[in-house]
2 protein chains.
Amino acid sequence: MSASGVRARVRAEMTDEIKAVARRHLATDGANLSLRAVARDMGMASSAVYRYFASRDELLTAMIIDAYNSLGEAAEQAAQGAAGKATGKEAGKEAAEQNGKTELDRFLAATHAVREWALADPHQWALIYGSPVPGYQAPQDTIGPATRVILLIADIVKSAYDSGRIAERPPITGQFAEELRVVADNYAAGTPPRAVAAALSAFLHLSGAVSSELFGQLNKSVEEDRRGFFEFQMRGAAFLIGLTDNL
Amino acid sequence: MSASGVRARVRAEMTDEIKAVARRHLATDGANLSLRAVARDMGMASSAVYRYFASRDELLTAMIIDAYNSLGEAAEQAAQGAAGKATGKEAGKEAAEQNGKTELDRFLAATHAVREWALADPHQWALIYGSPVPGYQAPQDTIGPATRVILLIADIVKSAYDSGRIAERPPITGQFAEELRVVADNYAAGTPPRAVAAALSAFLHLSGAVSSELFGQLNKSVEEDRRGFFEFQMRGAAFLIGLTDNL
DNA sequence: GCCATAACGAGAGCAGTGCTCTTGCTTTTT
DNA sequence: AAAAAGCAAGAGCACTGCTCTCGTTATGGC
């Protein structure tokens, strides 16, 4: 039918369904999902899947991108919600009036959102922040979505700098000060290099905390109040980058 | 020959050789090493390997234990070296006399050793701190060696507490204070709960920093002076846990 | 409307995987 | 010396990613 329509649409639907089934398999089988298994699951030959994804790696790449975006969106929404701009539901209560949430609040909201996203689907977290599969080389398409959450943190830090709600921290010393300036100008011109370093540092702390909890590094240690321990960690990170004065 | 000797010895040699070959394969193929391939590599049938390791998982477990121990040893030696007890080589210079290295020095030495160990063999790091393989459940044998480096950090922190070279930090609040005490008494009686939390926190920061660098999370960001960035991170962690006063 | 073209789905097939079982052989134990 | 246990090899099963071929179906140009 309609000129450039049917074929393309069913194709898009197919790729989406494949990804959906694959995501379901991912939740049980982890990163070594079987292309044949997902093909079986949707009643088609394994070879037919190759019409939509050139290889298993390409399927994984697509899911990685989706995961990055999903995570980034979750973090952004949480940070936005904490900033006072409640999205829809609780709009009338005390949202728009009180916009005085600090950057610390936004940071904590975002990091908690990241953690909860990871807890809700550990395999998806492992897919993007776990050890990469051996032969796999992350293509260019992934680096965009990958930086979303780290850019969010950078934005929060930058906001703190702009509004002056940032604690004094010693300047960067060492040879990577200049390097940081390049990165800063690359991503968001005007962001002080110190803010970039802070964002990187905080993100690193965040990923370590989530991964350790998920992958069972701190096995029996913290069992009961993992959320509390995580918050403790993130407050430490926030202090280090100057988002708060009191540790 | 000698009663209970030959068979057992060649068996031990065999398992060692298998692990050695597997380790070599790990460096190229990553975590999905092929049992058949290592069997081929040492000129024996794949089924023969099963005389020494009941399954591929068991082989991996053995290598994980080895990796944990190797990493732990590297960290311990570095910390020990930084504490003044130079092992052999530079014994006469100024080692035994000046034992005044601070806990910060030991901490930094240990963490750098961990990073360098990981850089030297990324796949081995991925094996123990990367995302676990789906079906794999870490057996009891691994949790001992696994805690070596974190116990080392705990020991450093405890030493700082004992000698009073620790900065004041606010007490633990929240419901996990009591839990920490249990953990502390479990691992090393007498260690203040705050020290346990500090060790966990620092380790978490450490693993996040190493993993992020290894797995290419901070892709182009920090490229030149990664060691400097790492040290920057670890000094931050040291400050958070009270090993130093100046950030 | 016709027809070449391209996309599609299915099946067979290849090389490789983990793992089991059976079959001989050698070493150790009794 | 006989019995038991350890060992290595091969065949085989079910599975994997991926390629190729072969009909079928929809799309776009004339």
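By convention in this document, chain letters (A, B, ...) are assigned in the order of the sequence lines, proteins followed by strands, and residues within each chain are numbered from 1. Keep in mind that this is a model prediction, so the values were computed, not measured.
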K.L.:
Between C:dG9, D:dA9, C:dG18, which one does the side chain of A:A48 approach most closely?
P.N.:
C:dG9
K.L.:
Whole-Å distance between D:dT16 C1' and A:D29 CG?
P.N.:
13 Å
K.L.:
Nearest to the A:A45 side chain among C:dA10, D:dG17, D:dA9, which nucleotide is it?
P.N.:
C:dA10
K.L.:
Would you kindly give the CG-to-P distance between A:N32 and C:dG18, to the nearest whole Å?
P.N.:
12 Å
K.L.:
Taking B:D121 first and then B:R23, would you say they form a salt bridge - that is, a charged N and a carboxylate O separated by under 4.0 Å?
P.N.:
no
K.L.:
With a 4.5 Å cut-off on side-chain heavy atoms, are A:E58 and A:S55 touching?
P.N.:
yes
K.L.:
Closest-nucleotide mapping onto DNA chain D: is B:S46 or B:Y52 further toward the 5' terminus? I mean the 5' end.
P.N.:
B:Y52
K.L.:
Less than 3.5 Å between a donor and an acceptor, one on the side chain of A:S47 and one on the base of C:dG11, is that the case here?
P.N.:
yes
K.L.:
Between the base of C:dG16 and the side chain of B:R36, is one N or O donor paired with an acceptor at under 3.5 angstrom?
P.N.:
no
K.L.:
Considering all heavy atoms of both residues, which atom of A:A202 and which atom of A:I241 are nearest to each other, and what is their separation?
P.N.:
CB-CD1, 3.9 Å
K.L.:
Locate the shortest heavy-atom distance separating A:A22 from A:L33; write the atom from each residue and the value.
P.N.:
O-CD2, 3.7 Å
K.L.:
When you check the phosphate oxygens OP1 and OP2 of C:dG18, does a side-chain N or O of B:S34 lie under 4.0 Å from one of them?
P.N.:
yes
K.L.:
Could you state the atom-to-atom distance from CZ of A:R51 to C1' of D:dC20 in whole Å?
P.N.:
10 Å
K.L.:
I need the CG-P distance between A:L60 and D:dC18, as an integer number of Å.
P.N.:
10 Å
K.L.:
Any side-chain N or O of B:R11 below 4.0 angstrom from OP1/OP2 of D:dC7?
P.N.:
yes
K.L.:
Figure out the CE/P separation between A:M42 and C:dG9, and round it to whole Å.
P.N.:
9 Å
K.L.:
Tell me the interatomic distance from A:L59, atom CG, to D:dG17, atom C1', rounded to whole angstroms.
P.N.:
12 Å
K.L.:
Take atom CE of B:M14 and atom C1' of C:dT27, then tell me their distance rounded to the nearest Å.
P.N.:
15 Å
K.L.:
When the distance from CD of A:E13 to P of C:dG9 is rounded to whole Å, what number comes out?
P.N.:
12 Å
K.L.:
Here's a test for you: under side chain to side chain donor-acceptor pair (under 3.5 Å), which of B:E213, B:R115, B:H205 qualifies with B:Q233?
P.N.:
B:H205
